[in-house]
Amino acid sequence: MTSDGVPQRTGNNLDPWYANYAERAAGLAASEVRALFAVASRPEVVSLAGGMPYVSALPQDLILSSMDRVMRTEGPTALQYGSGQGIPALREHILDVMALEGIQGSVDNVVTSTGSQQALDLVAKLFIDPGDVILAESPSYVGALGVFRSYQASVVHVAMDEHGLIPEALRQTIAHLRGQSRRIKFLYTIPNFHNPAGVTLSAERRPEILEICRANEILVLEDNPYGLLHFDEPAPNALRSLDPEGVIYLGSFSKTLAPGFRVGWALAPHAIREKLILAAEAAILSPSSFSQLVVSEYLSSTDWRGQIDTFRGVYRERKDAMIEALGEYLPQLSWTNPNGGFYVWVTMPDVLDSKQMLPRAVKELVAYTPGTAFFADGRGRHAMRLSFCYPTPDAIRVGIRRLATVVNGELDLLDTFAGTGPLQLPIKPGIEPAPPTDLK
């Protein structure tokens with residue numbers, strides 16, 4: 001404080017306003033995924049890092065004709081502010097989309113958003129106080145971890161395996177936290193074609209997970225951007241279809257149409273819906289009327305289900321190319337084999353560190369996302385997420401061959417300096433070696 005009562009600012013050489021930020025700003029940091037987008041833009045690098053949809057599989061004339069009709073028939077509305085809840089016609093279409101996964105809802109309880117990421121942020125803003133606990137799968141979506149961190153929450157991971165979240169691990173984790181008198185606000189889960197793990201929560205486990213949360217009065221936040229992008233069998237019906245009052249459901253058109261429209265939604269219990277609308281209006285006044293009307297027109301006038309089938313075929317071909325290349329070039333590792341979505345989760349020997357390896361991989365002209373990006377507690381160094389959604393099958397094979405050069409080079413180097421003969425690589429399938437014994 002100066003002599004005349006004006007607060008004294010203290011900063012640093014890079015940011016003179018550093019001392020003025022709110023405490024929650026300390027939770028804002030560039031994710032490892034975001035840092036990789038610059039690498040992905042280099043044409044010589046095969047990027048297996050970012051989860052960018054292959055929008056070239058979407059015929060441009062479908063979008064252009066939808067835009068043209070919107071501007072010709074509803075131009076003034078498209079260019080104007082709209083409702084904070086979203087355009088009713090689009091919300092009706094969203095009910096049709098969710099019905100494919102067993103959800104029956106009311107248009108009144110749908111809130112459109114600027115991508116499902118904004119809906120995720122609004123839910124976090126409504127529920128999280130500093131120090132609250134958010135339960136999340138181990139590993140979990142990096143974008144969600146960033147949101148929870150920005151609201152000063154403590155993320156506690158719950159073990160999963162090839163069948164998704166483990167009910168007994170969830171039960172024990174809740175009991176452990178309750179024994180410490182810690183407040184749990186909700187369970188965040190990606191049950192279908194998980195990001196980053198690629199696994200799907202089994203139909204048998206879904207009612208049990210919901211019953212555990214009901215018994216402990218824990219809200220469930222179901223994030224489902226990939227649910228319609230299955231390869232063989234559809235995913236089980238959404239968690240929301242089994243418990244409408246205990247689940248907030250997040251959906252998005254970013255993966256089944258195009259991310260550039262930035263249109264997502266939340267389906268929430270009635271009381272929560274009201275607060276979501278107020279929070280949305282406080283944040284952005286209203287989502288884009290133009291984007292909503294174009295998406296609504298697209299859903300009204302095209303065979304959008306057939307287009308999703310096209311996307312499924314494109315992504316299945318790419319996934320098959322990745323799994324085949326991993327088997328050929330890196331058979332000593334283990335990986336998940338997803339039935340949909342965008343991602344394969346690769347587990348390496350404990351002696352390797354995917355984050356430290358990344359610069360060497362970029363030098364070999366291949367990029368991936370280190371496993372540490374998907375944990376709030378520093379784990380994941382011997383894992384990586386590989387995205388098969390964007391590169392062509394041929395490019396994927398080239399990328400995996402380059403990745404094998406990096407991995408095998410690291411193992412050879414360690415062998416040389418260890419001086420004890422070849423490294424043993426006993427890797428068991430799964431998302432992580434074993435659930436943590438203390439479940440912290």
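Remember, it's a predicted structure, so these values are computed and weren't measured experimentally. For this chain, numbers begin at 1 and follow the sequence in order.
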Checklist line | Distance-only polar pair, side chains of Thr392 and Arg318, donor-acceptor under 3.5 Å | finding: no
Next item on the list: For Tyr390, look at atom OH and say whether over 12 heavy atoms of other residues, nucleotides or ligands are found less than 6.0 Å away.
Entry: no
Next item on the list: Please step through side chain to side chain donor-acceptor pair (under 3.5 Å) for the pair Gln292 and Thr112, ending with a clear verdict.
Entry: CA-CA 9 Å; Gln292 290 181 83; Thr112 59; 3.0 Å; yes
Margin query: Students often mix this up, so state it plainly: with edges at 30° and 60°, are the rings of Phe253 and Trp265 parallel, tilted or perpendicular?
Written below: tilted
Margin query: With a 6.0 Å cut-off on the ring centroids, do Tyr54 and Phe311 count as close?
Written below: no
Item checked: Value rounded to 0.5 Å, distance of CZ in Arg69 from OG in Ser300 -> 9.0 Å
Next item on the list: Anything under 30° is parallel, anything over 60° is perpendicular, the rest tilted; go ahead and classify Phe186 against Phe148.
Entry: perpendicular
Margin query: Check Arg205 with Glu208, please: is the shortest side-chain N to carboxylate O separation under 4.0 Å?
Written below: no
Check: Does a side chain donor of either Arg206 or Asn237 reach within less than 3.5 Å of an acceptor in the other side chain?
Finding: no
Item checked: Flag side-chain contact, heavy atom, 4.5 Å: Gln104 against Pro244 -> no
Note to self: To the nearest 0.5 Å, what is the distance between CD1 on Ile323 and CG on Asn337?
What the structure shows: 4.0 Å
Notebook entry, point to check: Does the side chain of Pro167 come within less than 4.5 Å of Ile212's, by heavy atoms?
Noted result: yes
